Asks: 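One structure is given below, represented as structure tokens, and several questions about it will come after.
Along the sequence shown, residues are numbered consecutively beginning with 1. Bear in mind the structure is a predicted one, so any value in this text is a computation, not a measurement.
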Amino acid sequence: MVTLIVGKKGSGKTKKLIERANEAVKTSNGNVVVIEKGLKLTYDISHQARLVDSDSYSIQGMDALAGFISGICAGNYDVTDIFVDSTLKIIGQDMENLKTFVGRMSKLSESADTNITLLVSAEKGDLPEGVGELATQI
């Protein structure tokens, strides 16, 4: 399942991601991965979750992020949850790219049996058709 947490900058999206990731660590029978842009969540996310800095792996663009997440799922059959902070900063601000990316992540989520949560700095009404239904507005 793919879920989007949306809202403008400063609306509390990252706080919600931290809460959900730490809760997933407590309830998961597998591994939880949090992908962030820059090292800002180090002390907020449980040490039991795998925290990955996208900048450390030069992940830029939709294809790079999709490939990276696919690789995580392919290399670790027991990943139950993946959280991505700053999605639009990584893939770019183009909303059509976001729609394509969400579609790819939905297929991956289903085939890998992994929950994927994306943080998107936008209002729910600004999301492309078909993507808004997956969004929780903060």
Asks: Check whether any side-chain heavy atom of Ile82 sits under 4.5 Å from a side-chain heavy atom of Val34, and report yes or no.
Replies: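 With C-beta onward as the side chain, the pair stays apart.
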Asks: Run the side-chain contact (heavy atoms from CB on, under 4.5 Å) test on Leu98 and Val120 for me, step by step, so that the C-alpha distance in whole Å, both residues' side-chain angles and the decisive distance to 0.1 Å come before the verdict.
Replies: CA-CA 9 Å; Leu98 177 64; Val120 177; 4.0 Å; yes
Asks: For residues Ile59 and Ala64, report the shortest heavy-atom separation together with the two atoms involved.
Replies: CG2-C, 3.9 Å
Asks: From Asp78 CG over to Cys73 SG, what is the distance, rounded to the nearest 0.5 angstrom?
Replies: 10.5 Å
Asks: Taking it one step at a time, do Glu23 and Arg20 satisfy salt bridge (Lys or Arg N to Asp or Glu O under 4.0 Å)?
Replies: CA-CA 5 Å; Glu23 185 61 32; Arg20 288 189 182 181; over 6 Å; no
Asks: Compare all side-chain heavy atoms of Phe101 with those of Leu88 and state whether any distance is below 4.5 angstrom.
Replies: no
Asks: What is the distance from atom CG of Leu4 to atom CE of Met105, rounded to the nearest 0.5 Å?
Replies: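 Reported value, rounded in 0.5 Å steps: 12.0 Å.
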Asks: Between Asp85 and Leu118, does the side-chain contact (heavy atoms from CB on, under 4.5 Å) criterion hold? Intermediate values first, please.
Replies: CA-CA 6 Å; Asp85 192 16; Leu118 309 171; over 6 Å; no
Asks: Tell me whether Lys13 contacts the main-chain N or O of Lys8 through its side chain, where contact means a donor paired with an acceptor under 3.5 Å.
Replies: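 Such a contact is found between Lys13 side chain and Lys8 backbone.
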Asks: Got a donor-acceptor contact below 3.5 angstrom from the Thr114 side chain to the Thr80 backbone?
Replies: no
Asks: Is it possible for you to say whether Ile35 and Tyr57 belong to one hydrophobic cluster, with membership spreading through side-chain heavy-atom contacts below 4.5 Å?
Replies: yes
Asks: Which pairs, with at least one residue in residues 96-110 and sequence neighbours excluded, count as a side chain to side chain donor-acceptor pair (under 3.5 Å)?
Replies: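 Output for this query lists Asp63-Arg104.
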Asks: What pairs with Asp55 under salt bridge (charged side-chain N to carboxylate O under 4.0 Å, His left out), at least two apart in sequence or on another chain?
Replies: Lys37
Asks: Tell me if a side-chain donor or acceptor on Glu36 pairs with a main-chain N or O of Val52 at a distance below 3.5 Å.
Replies: no
Asks: So do Val6 and Glu123 actually touch side chain to side chain, heavy atoms under 4.5 Å?
Replies: no
Asks: Please, which pairs that meet side chain to side chain donor-acceptor pair (under 3.5 Å) have at least one residue in residues 43-53, sequence neighbours excluded?
Replies: Asp53-Ser56
Asks: Does Leu65 reach the side chain of Ser54, with side-chain heavy atoms less than 4.5 Å apart?
Replies: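 No, every pair of side-chain atoms sits at 4.5 Å or beyond.
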Asks: How far apart are the C-alpha atoms of Val32 and Phe83, what are their side-chain angles, what is the distance that settles it, and do they pass the side-chain contact (heavy atoms from CB on, under 4.5 Å) test?
Replies: CA-CA 8 Å; Val32 176; Phe83 296 87; 3.8 Å; yes
Asks: Would Ser28 and Asp81 satisfy side-chain contact (heavy atoms from CB on, under 4.5 Å), going step by step from the backbone distance to the final call?
Replies: CA-CA 8 Å; Ser28 174; Asp81 298 270; 4.2 Å; yes
Asks: Are side-chain N/O atoms of Asn76 and Asn31 paired as donor and acceptor at under 3.5 Å?
Replies: no
Asks: Report yes if some heavy atom in the side chain of Thr117 is under 4.5 Å from a heavy atom in the side chain of Met1; otherwise report no.
Replies: no
Asks: Using only atom types and a distance under 3.5 Å, with no angle test, would you say the side chain of Asp126 pairs donor to acceptor with the backbone of Ala122?
Replies: no
